[in-house]
Amino acid sequence: MAKKNYDELAKSISKYVGGADNVNSLFHCATRLRFKVKDTGKVDKKRLEQLSGVISVIESGGQIQVVIGNQVADVYDAVIANTGIKGEKEGSADAADSGEKKNLINVFMETISGIFAPILAAMCGAGMLKGILILLTTIGCLEATSGTYRILYAAADGVFTYMPLFLAYTSAEKFRANKFVSVAIAAALLYPDITAAYAAGEALTFLGIPVVLVSYTSSVIPIIISIYVLSKLEILLKKFIPDMIKGFMNPLLSLIIMVPATYLVIGPVADTAGSLLAAGYTGLVGLSPVVAGFILGLIWPMVVMFGLHWGFAPIVMNNIAQYGRDTLFTITGPNNMAQAGATLGVFLKTKNKDLKSISGSAAISAVLAGITEPAIYGVTLKYKRPFYIGMVFSGIAGAIVAACGAGAPTLLTTSILTLPGYIGQGFAGFCIACAIAYFGSAIVTYLFGFSDSMLADPEPEESAPAAEETEAGSDAEIKVPAKGKVIPLSEVKDAAFAGEILGKGAAVIPEDGKIYSPCDGTIQMVYPTGHAVGLLSKEGAEVLIHVGMDTVTLEGKGFKVCAKDGQSVKCGDLLIEADLDVIRAAGLDTVTPVVITNTDNYAEVKMADSGEKAVGDSMILCVSK
């Protein structure tokens, strides 16, 4: 099956976040594109939410968060490939220099999510593998002393044992420090000789100063603080070290200063702070496990809704490092089941075909993968009552989990597939809590929480006046936009176009670089680099003209844009001037596909005729249903 193409969605998202110039940087987590923008006033949240493929849009943690769902990685790749927007790695410097004043909590959450989001996949995969190994050894299918177990356990536990290495790299990207010097500092903290000295209780000194040794394996806070300090030190060194020697002197001085500083000051202080944080959380839960569990479970859907849940990852990792297990994400874990159940209730109750499709896939994603954003934004929150029902059952389940003392030895996202990871103290209670959350939410939502009367009647969109001028569904004839040889799309050397993934149409091999409008209509989008333009014909056909293959890589070189978004055009109006010699010199193909992107709206879309054609000759015929 051909991979779905998200290029047009990516371009639309870029347009409605204010364009590449308005974006400092972009990264993604499990379900969201997280944009850091210069001016939120330029972001059109309403139009973003209306895009097919976008579940919801929220502004939180100093970010514009575009909720996509399970396909977020593919959409992210499409945004990076098709727009001028930079990923977090490339854009963080601009982000820091934007001069925008931010709420302290927003800055903290943005920083934490930016550090942890890139490694979530590795942590979740390793956590699930740990759970599988626990299950296999518990039922006697695998011996803990076997080579198979030891190798697989190394794969599962290695991520958490050497967590400082991962965090050093992502922290360096976030704070704009030298990445490999940062990793070298983390490696020094995990060096076997030093870890052995800690295990043996050996007393060490540095230049006569006593060193308070702590365990840095699986630690979180010390390395993040250390890399932050390193980023400031590097700025200072760059001011005083001559350019001639800074290539080796900067990293030399960084290691000489930062490794001892971390062992002497940063590490012990951060470890003490982490211990107090873990003790404070444990004490809070210990005062009244049922009450604490209910409150945590009750509010957790709101925390997830605002995208703040991964901001608690340092507490979770610190709990694991201090106690060998975590209860925070365990207490809040049944929330996934509660939202999945509420979504299932909507799925079972509704007779609306579109809602049934959305709720069915969202319910499966939540219960199997533990990804609840599609369920929350696409279903439960939209109709409110299912969301509140899920909150209540999440609170009830949280109280049960806290009361039975369940925990997990690793970071896990709660789902059917990860349940084995919770085997241990309180496991039976945890399973019961998940079942109550899931089935309770589903039943109550089905009986009292939803009916199709909640579905809003279709309302005219703001663009309805323009629709009066458009005879949507009428036959449409699309003309040749450039003089040259017209060929079938199947002959285009690009899988997306040749496979008609973007829609049916035809292509022209232009003799010159002048691209004209192939119909009367409106410009929907002109790509900033000039290599593509989208039009809406007066008959309702959505037309995409893509000048050359991979020409986005030219970044506008050789292209002159002669039209703008929203402009009304007549057939034959000049849209783009492309220098074909520049395209060929870059080793790129000049073939220009013309595609009807809303092909499904027509009974038939076919090429009129192939061969040598002049501008204005018939190219594509769209036959209405």
Side-chain angles (χ1 to χ4, degrees), residues 123-124 126-145 149 152-153 156-157 159-161 163 215 217-220 274-298 300 309 312-338 367 370 393-440:
M123 286 195 295
C124 290
M128 288 184 68
L129 180 54
K130 266 194 174 184
I132 293 170
L133 291 174
I134 292 171
L135 176 63
L136 292 176
T137 53
T138 301
I139 63 178
C141 291
L142 194 62
E143 292 291 333
T145 56
Y149 175 88
L152 290 178
Y153 192 80
D157 197 48
V159 174
F160 299 100
T161 299
M163 181 60 64
S215 175
T217 56
S218 303
S219 64
V220 172
S275 298
L276 292 173
L277 184 66
Y281 164 74
T282 304
L284 181 65
V285 175
L287 285 175
S288 178
V290 174
V291 174
F294 178 78
I295 293 174
L296 280 171
L298 183 70
W300 201 251
H309 48 307
F312 291 84
I315 298 177
V316 174
M317 297 304 301
N318 197 68
N319 287 342
I320 294 170
Q322 293 288 331
Y323 306 118
R325 65 200 298 267
D326 168 66
T327 57
L328 174 56
F329 272 12
T330 312
I331 289 172
T332 58
N335 167 64
N336 293 2
M337 297 300 184
V367 76
F393 276 96
S394 176
I396 293 170
I400 295 171
V401 173
C404 67
T410 184
L411 187 147
L412 289 170
T413 297
T414 303
S415 69
I416 290 291
L417 298 177
T418 61
L419 283 179
Y422 296 93
I423 291 175
Q425 179 185 342
F427 178 63
F430 181 77
C431 291
I432 291 171
C434 287
I436 291 173
Y438 184 70
F439 291 108

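Keep in mind the model is a prediction, meaning the values are calculated, not measured.
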Quiz prompt | Of Phe393, Phe430, Trp300, the residue whose pairing with Pro334 passes side chain to side chain contact (heavy atoms under 4.5 Å, CB included) | solution = Phe430
Quiz item: So how far is it from Ile423 CD1 to Ile139 CD1, rounded to the nearest 0.5 Å?
Solution: 8.5 Å
Self-check item: Minimum heavy-atom distance Ser215-Thr217, with the two atoms named
Solution: OG-OG1, 3.2 Å
Exercise. Would you name the heavy atoms of Leu419 and Phe427 that are closest together and state the gap between them?
Key: O-CE1, 3.2 Å
Practice problem: Answer whether the closest heavy-atom distance between the side chains of Thr137 and Glu143 falls below 4.5 Å. | Solution: no
Quiz item: How far does CG of Leu142 sit from CG of Leu152, to the nearest 0.5 angstrom?
Solution: 7.5 Å
Practice problem: Nearest 0.5 Å please: distance from the CG atom of Asn336 over to the OH atom of Tyr438. | Solution: 12.5 Å
Quiz item: If every non-hydrogen atom of Thr327 is compared with every non-hydrogen atom of Ala406, which pair is closest and at what distance?
Solution: CG2-O, 3.4 Å
Self-check item: Set of residues satisfying side-chain hydrogen bond (donor to acceptor under 3.5 Å, both in side chains) with respect to Tyr422, sequence neighbours excluded
Solution: Thr414
Quiz prompt | Closest non-hydrogen atom pair between Val290 and Ala403, with its separation | solution = CG2-CB, 3.9 Å
Quiz item: Of all heavy-atom pairs between Ile331 and Ala402, which one has the smallest distance, and what is that distance?
Solution: CD1-CB, 3.9 Å
Exercise. State the SG-CD1 distance between Cys434 and Ile416, to the nearest 0.5 angstrom.
Key: 8.0 Å
Quiz item: Ser394 side chain to Gly297 main-chain N or O, any donor-acceptor pair under 3.5 Å?
Solution: yes
Quiz item: What closest approach, in Å, do Leu296 and Thr332 show between heavy atoms, and which atom pair accounts for it?
Solution: O-CG2, 4.1 Å
Quiz item: Atom CD1 in Ile400, atom CD1 in Ile436: separation rounded to 0.5 Å?
Solution: 3.5 Å
